[in-house]
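Working notes, beginning with the structure itself.
Sequential numbering from 1 along the given sequence is applied to the chain's residues.
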Amino acid sequence: MLRFYKNFLSPNMVSTCRYLPTCSEYSMLSYKQFGVWKGTVLTAWRLLRCNPLGSSGYDPPSWPPRGLDAVYGPGSPVEDVAPQITVLLGSVLALYIAQSLIKEISYIL
């Protein structure tokens with residue numbers, strides 16, 4: 001899905017990236033470096049931070065996610081439910097991506 005977005009949809013859109021690497025590059029790096037579960041959490045967290053009120057600049061993928069140390073850091077009080085949180089964030093990410101793709105496709109057509 002990421003490759004489809006990067007190869008076919010992204011070139012047709014105006015570049016408005018606030019972060020380096022871009023969100024799609026960040027996602028690919030996250031999945032390669034940290035695997036599916038952590039990559040999903042990192043990608044979801046990046047997409048949630050990518051908004052007009054968010055920050056900008058150089059933001060490479062790192063674990064635990066910046067700002068979520070209390071949830072995913074070592075010795076966190078919710079360490080036992082971290083996998084469930086990951087599934088929830090992954091579901092939110094999938095819905096967000098599907099909605100964004102539908103919106104972009106409708107603009108192109």
Side-chain angles (χ1 to χ4, degrees):
M1 190 172 0
L2 284 169
R3 286 190 184 128
F4 175 79
Y5 171 79
K6 206 160 170 48
N7 292 330
F8 297 104
L9 296 180
S10 183
N12 297 316
M13 297 169 30
V14 177
S15 178
T16 58
C17 293
R18 303 162 32 127
Y19 288 106
L20 184 66
T22 64
C23 289
S24 58
E25 292 169 350
Y26 180 95
S27 181
M28 287 182 181
L29 289 170
S30 296
Y31 284 113
K32 285 179 185 174
Q33 289 178 356
F34 299 105
V36 173
W37 294 112
K38 289 181 179 180
T40 301
V41 170
L42 289 168
T43 300
W45 187 239
R46 169 59 98 77
L47 290 174
L48 290 172
R49 291 184 292 130
C50 189
N51 61 65
L53 301 176
S55 62
S56 61
Y58 182 65
D59 180 33
S62 63
W63 191 262
R66 187 174 59 146
L68 290 180
D69 297 345
V71 177
Y72 290 104
S76 71
V78 293
E79 195 170 13
D80 294 337
V81 295
Q84 289 84 354
I85 293 170
T86 300
V87 170
L88 175 65
L89 287 174
S91 300
V92 169
L93 172 65
L95 290 173
Y96 176 81
I97 290 172
Q99 178 187 11
S100 297
L101 286 173
I102 290 169
K103 186 174 18 173
E104 292 302 324
I105 290 170
S106 68
Y107 285 139
I108 292 171
L109 299 176

### Check: Tyr26 main-chain N/O paired with Ser30 side-chain donor or acceptor under 3.5 Å
yes
### Query
With side chains defined as the heavy atoms from C-beta onward, is the minimum distance between Arg46 and Pro21 less than 4.5 Å?
yes
### Task
Name all residues meeting the side-chain contact (heavy atoms from CB on, under 4.5 Å) criterion together with Phe34; count only those two or more places apart in sequence or in a different chain, and write none if there are none.
Lys38, Leu42, Pro61, Trp63
## Note on the structure
Smallest heavy-atom separation, Thr43 atom then Tyr31 atom, equals OG1-CE1, 3.9 Å
### Query
Honestly curious: do Ile97 and Val92 fall in one hydrophobic cluster under the side-chain, below-4.5 Å linking rule?
no
### Query
How about Pro60 and Leu29: do any of their side-chain heavy atoms sit closer than 4.5 Å?
no
### Distance, nearest 0.5 Å, that separates CE of Met28 from SG of Cys23
12.5 Å
### Query
For the atom pair CG (Leu101) and NZ (Lys103), what is the distance rounded to the nearest 0.5 Å?
11.0 Å
### Query
What pairs with Tyr19 under side chain to side chain donor-acceptor pair (under 3.5 Å), at least two apart in sequence or on another chain?
Ser55
